[in-house]
There are 2 protein chains.
Amino acid sequence: MVTRKDVALKAGVSPSTVSRVINNNGYVAFEARKRIEAAIAELNYIPNRAAQNLRTKSYRQIACISPAISNSFFAEMFMGIEEMAIELGYSLSLYNITNRKQNYLKQVLEGPYDGMILLASHELIMIKELLESMQKVPLSIYWDRIEKINIPREAGLPHVYIDLQKVMRQSVEYLIANGHNEILFLGHYYSKERNSNSRYMGYEMAMKEHHLPIKDYYRIFIEMYEDKLSTGYEAIKMLLDKGQHFTAVAASNDLLAAGAIRAIIESGKKVPEDISVIGVDNIELAKIVTPTLTTMNIPKREIGRMLVQQLMDQIHNENTIEQSIEVEVMLKERESVKNLVI
Amino acid sequence: MVTRKDVALKAGVSPSTVSRVINNNGYVAFEARKRIEAAIAELNYIPNRAAQNLRTKSYRQIACISPAISNSFFAEMFMGIEEMAIELGYSLSLYNITNRKQNYLKQVLEGPYDGMILLASHELIMIKELLESMQKVPLSIYWDRIEKINIPREAGLPHVYIDLQKVMRQSVEYLIANGHNEILFLGHYYSKERNSNSRYMGYEMAMKEHHLPIKDYYRIFIEMYEDKLSTGYEAIKMLLDKGQHFTAVAASNDLLAAGAIRAIIESGKKVPEDISVIGVDNIELAKIVTPTLTTMNIPKREIGRMLVQQLMDQIHNENTIEQSIEVEVMLKERESVKNLVI
DNA sequence: AAATAATATGGTTACGTGACCACATTATTT
DNA sequence: AAATAATGTGGTCACGTAACCATATTATTT
């Protein structure tokens with residue numbers, strides 16, 4: 001292994017001077033610098049990362065704990081994270097929390113990381129366990145139900161979040177503004193309490209504010225299974241077969257919206273001419289389906305970048321850490337919603 | 001920071017004995033072990049990873065360089081990689097090679113990794129550069145056009161691959177076995193030379209062997225753009241509008257197949273009753289579309305695991321390294337192909 | 001009972017680096 | 001010309017750990 005010493009010997013200087021060149025601090029004569037750089041290139045010297053880490057007490061690495069990265073929502077968020085991290089000279093380890101025995105957490109905590117980013121899925125228990133087992137590790141969280149985290153932690157719990165209720169409300173209001181009044185809610189089923197489902201709450205608020213009735217069959221809650229991706233296709237299909245009437249579907253994510261579109265087209269109706277569909281997330285799929293999907297764009301990349309920034313503020317002990325950053329969601333208009341007003 | 005020394009002091013032993021407990025080697029009295037474990041728990045001691053790395057000259061980390069992980073094909077492969085790595089006590093850094101300035105490579109090479117896994121995209125130039133700039137870093141590659149890599153490297157270039165020509169041939173032969181003889185090839189356009197496109201070659205071989213004609217409009221090559229995901233939707237749509245006849249589409253990947261299905265359904269025909277469609281890859285999308293997509297299953301998770309195994313063989317200096325591992329691809333039957341024979 | 005083996009423990013050392021200090025040498029100011 | 005500042009360089013040390021060796025104690029064999 002080539003070490004700093006070898007470079008120093010070859011360049012005819014002391015190891016200290018080599019360090020000065022590598023870290024670009026202190027005084028180094030022009031000639032000496034040239035010799036050292038030549039020696040580094042010739043010997044193909046790469047500073048030993050372990051020694052640097054030990055000496056500087058920093059790893060220049062962060063860990064990201066995420067639900068299955070095959071979920072493109074998190075994949076896109078991860079890309080924002082990685083991009084920002086690289087820009088700041090950090091690299092990124094990725095841990096997928098899926099069906100894994102719990103003790104993987106130990107491995108993460110013992111790992112060579114300066115901080116952690118957590119993309120939370122719905123397993124609150126896991127998050128709780130996670131937070132309890134670590135003390136003062138710099139941590140930033142993305143979770144769309146952040147209000148549910150209720151764990152005391154001296155330093156607080158910095159997070160970046162979106163207000164899903166608000167998002168869903170905007171989505172439904174957009175449909176209403178376009179003249180729709182028979183609007184279906186198509187969402188996932190999280191718990192028995194309907195009012196714990198912030199997405200549904202957003203839908204309900206928008207409907208009530210505009211004095212629109214919510215018929216029973218307007219409310220479609222799809223069960224979530226571990227492995228099976230349910231798209232709501234069957235549910236919408238069944239509704240249409242029964243001849244139920246509605247002019248628009250407000251889906252709580254794009255996958256459900258895509259399922260709805262397929263069901264509608266297959267039953268001989270047209271999107272958006274007969275029925276409009278709107279989603280939430282703006283994943284790649286939204287650009288691929290036909291018609292392309294109008295949806296609420298969650299700026300995943302941007303959220304990823306913000307998480308890194310927030311984490312760095314903690315690592316570098318900035319005293320102006322924003323504990324709670326809300327990200328605004330904007331409508332992305334495409335083809336799947338028809339304006340009935342004009 | 002709590003160090004081994006603190007634990008030793010608390011437990012009334014020497015640091016050496018603490019190390020023996022942590023690494024679980026050498027003799028330790030039962031009583032002493034108990035005291036040490038208690039001290040570790042009480043002090044919340046975590047061994048300093050940097051010091052361990054420096055002392056053992058290993059990082060217990062590997063880097064994975066991949067095209068955009070938002071591509072679910074690579075995401076699923078990554079999940080196999082990560083799963084296997086974790087099982088073996090390694091963690092994984094992920095680098096996305098997308099539109100990034102070239103010098104990110106330096107960062108990877110200077111990183112704390114025992115080895116690297118490369119999921120190759122189509123940028124041969126990048127791979128070349130990569131391989132030239134590193135010497136004896138343990139490395140395993142997934143690339144479906146591995147035969148094109150032609151860079152001398154003392155230790156060879158261990159890789160896991162699939163024979164795309166064979167895969168496409170199997171795919172077309174399955175259609176033929178189901179009574180189809182007017183089969184469209186729907187693939188991407190890689191270079192001017194048609195015979196450098198191994199997927200097309202597989203299609204051509206199958207057709208010729210069964211003495212089936214390949215009409216001009218059977219050959220559809222879609223351009224690949226950096227950002228725009230093209231699905232072949234427009235191409236198939238145009239073909240159908242012209243009234244061209246065919247009974248099946250053999251797409252070179254699932255995304256193209258999904259695009260074909262949408263185009264067919266939209267023009268009023270049914271899949272698979274009127275036209276059958278088969279894909280390659282078996283990404284999540286294949287289970288989501290309607291009808292569900294029959295496709296050639298590329299065992300992405302398994303490939304990921306094999307890459308890690310192959311890398312570990314290099315890291316641990318196994319002398320029985322399989323340089324070139326071909327992975328067999330199997331048909332995954334779903335709903336999008338109709339049997340015309342029965 | 002003596003010799004050997006197994007068990008148990010502490011001390012020393014080196015891994016490769018960055019920070020710091022001491023000390024030259026040269027350039028600039030008084 | 002003397003005093004001060006800026007520039008340049010090497011030596012020492014410690015970061016926290018795992019491997020090794022030496023040695024003490026206990027258990028087993030001869």
Side-chain angles (χ1 to χ4, degrees), chain A residues 1-40 43-61 89 106-107 109-114 315-316, chain B residues 1-40 43-61 89 106-107 109-114 315-316:
Chain A
M1 172 185 256
V2 182
T3 74
R4 191 180 58 163
K5 210 172 149 189
D6 300 320
V7 174
L9 210 64
K10 179 145 209 135
V13 294
S14 75
S16 298
T17 308
V18 177
S19 275
R20 272 181 221 110
V21 170
I22 291 167
N23 300 316
N24 203 27
N25 60 11
Y27 297 109
V28 180
F30 179 74
E31 288 300 326
R33 165 167 273 125
K34 249 176 46 183
R35 285 206 313 280
I36 290 167
E37 278 165 356
I40 287 175
L43 297 174
N44 224 320
Y45 166 70
I46 292 175
N48 183 294
R49 187 65 176 267
Q52 288 183 326
N53 290 347
L54 179 60
R55 196 61 182 75
T56 61
K57 294 184 185 307
S58 95
Y59 293 107
R60 282 179 284 155
Q61 272 204 164
K106 194 160 170 274
Q107 200 172 341
L109 288 170
E110 291 180 354
Y113 307 115
D114 298 325
I315 292 173
H316 300 127
Chain B
M1 171 185 258
V2 183
T3 73
R4 195 181 55 162
K5 208 173 151 189
D6 301 319
V7 175
L9 211 63
K10 179 145 209 139
V13 294
S14 76
S16 298
T17 307
V18 177
S19 275
R20 274 187 286 265
V21 170
I22 291 166
N23 300 316
N24 203 28
N25 58 14
Y27 296 108
V28 180
F30 179 74
E31 287 300 328
R33 166 167 273 125
K34 249 177 45 183
R35 286 206 313 280
I36 291 167
E37 277 164 356
I40 287 174
L43 297 174
N44 224 320
Y45 167 70
I46 292 175
N48 182 293
R49 188 65 176 267
Q52 289 183 326
N53 289 347
L54 180 59
R55 196 61 181 73
T56 61
K57 294 185 185 306
S58 95
Y59 293 107
R60 284 180 284 156
Q61 273 205 163
K106 196 159 167 275
Q107 201 171 341
L109 289 170
E110 290 181 355
Y113 307 115
D114 298 325
I315 292 173
H316 300 128

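Everything numeric here is computed off the predicted structure, so don't read it as measured data. Chain letters run A, B, ... following the sequence lines, proteins first and then strands; every chain starts at 1.
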Item to complete: Please report the shortest heavy-atom distance between A:Val21 and A:Ile36, naming the atom on each side.
Response: CG2-CD1, 3.7 Å
Worksheet item: Which pair of non-hydrogen atoms, one from A:Gln61 and one from B:Pro112, has the smallest distance, and what is that distance?
Response: OE1-CG, 3.6 Å
Discussion item. A side-chain contact here means heavy atoms from C-beta on lying under 4.5 Å apart; do A:Val2 and A:Asn44 qualify?
Written reply: no
Worksheet item: Of all residues at least two apart in sequence or in a different chain, which pass the side chain to side chain contact (heavy atoms under 4.5 Å, CB included) check with B:Arg35?
Response: B:Ala11, B:Val13, B:Glu31, B:Ala32
Response to the item:
Sorted by chain and residue number, the side chain to side chain contact (heavy atoms under 4.5 Å, CB included) partners of A:Ile315 (sequence neighbours excluded) come out as A:Ile62, A:Tyr90, A:Asp114, A:Pro138, A:Leu311, A:Met312
Worksheet item: Does anything in residues 4-15 of chain A pair up under salt bridge (Lys or Arg N to Asp or Glu O under 4.0 Å), and if so which pairs, sequence neighbours excluded?
Response: A:Lys10-A:Glu42
Between protein and nucleotides 4-8 of chain C, what N or O pairs are separated by less than 3.5 Å?
| unit_1 | atom_1 | unit_2 | atom_2 | d |
| --- | --- | --- | --- | --- |
| C:dT7 | OP2 | B:Tyr27 | OH | 2.8 |

Practice prompt. Could you list the residues that satisfy side-chain hydrogen bond (donor to acceptor under 3.5 Å, both in side chains) with B:Arg20, not counting sequence neighbours?
Written response: B:Thr17
Worksheet item: To the nearest 10 degrees, how far apart in direction are the end axes of the helix from C:dA1-D:dT30 to C:dT30-D:dA1, each fit to five base pairs?
Response: 30°
Worksheet entry | Any A:Ser14 side-chain nitrogen or oxygen under 4.0 Å from OP1 or OP2 of D:dT9 | no
Worksheet item: Can you give one letter per nucleotide of nucleotides 15-29 of chain D, 5' to 3': B if a protein heavy atom sits under 4.0 Å from the base, S if only from the sugar-phosphate, - if neither?
Response: BBBBB----------
Contacts under 3.5 angstrom, residues 23-30 of chain B side chains, donor-acceptor by atom type, not counting sequence neighbours:
| unit_1 | atom_1 | unit_2 | atom_2 | d |
| --- | --- | --- | --- | --- |
| B:Asn23 | ND2 | B:Ser19 | O | 3.4 |

Discussion item. Rounding to an integer number of Å, can you tell me how far B:Tyr59 OH sits from C:dC15 P?
Written reply: 15 Å
What side-chain donor-acceptor pairs closer than 3.5 Å can you find for residues 45-53 of chain B, not counting sequence neighbours?
| unit_1 | atom_1 | unit_2 | atom_2 | d |
| --- | --- | --- | --- | --- |
| B:Asn48 | OD1 | B:Ala50 | N | 2.9 |
| B:Asn48 | OD1 | B:Ala51 | N | 2.8 |
| B:Arg49 | NH1 | A:Glu110 | O | 3.4 |
| B:Arg49 | NH2 | B:Tyr59 | O | 3.0 |
| B:Gln52 | OE1 | B:Arg60 | NH2 | 2.9 |
| B:Asn53 | ND2 | B:Arg49 | O | 3.4 |

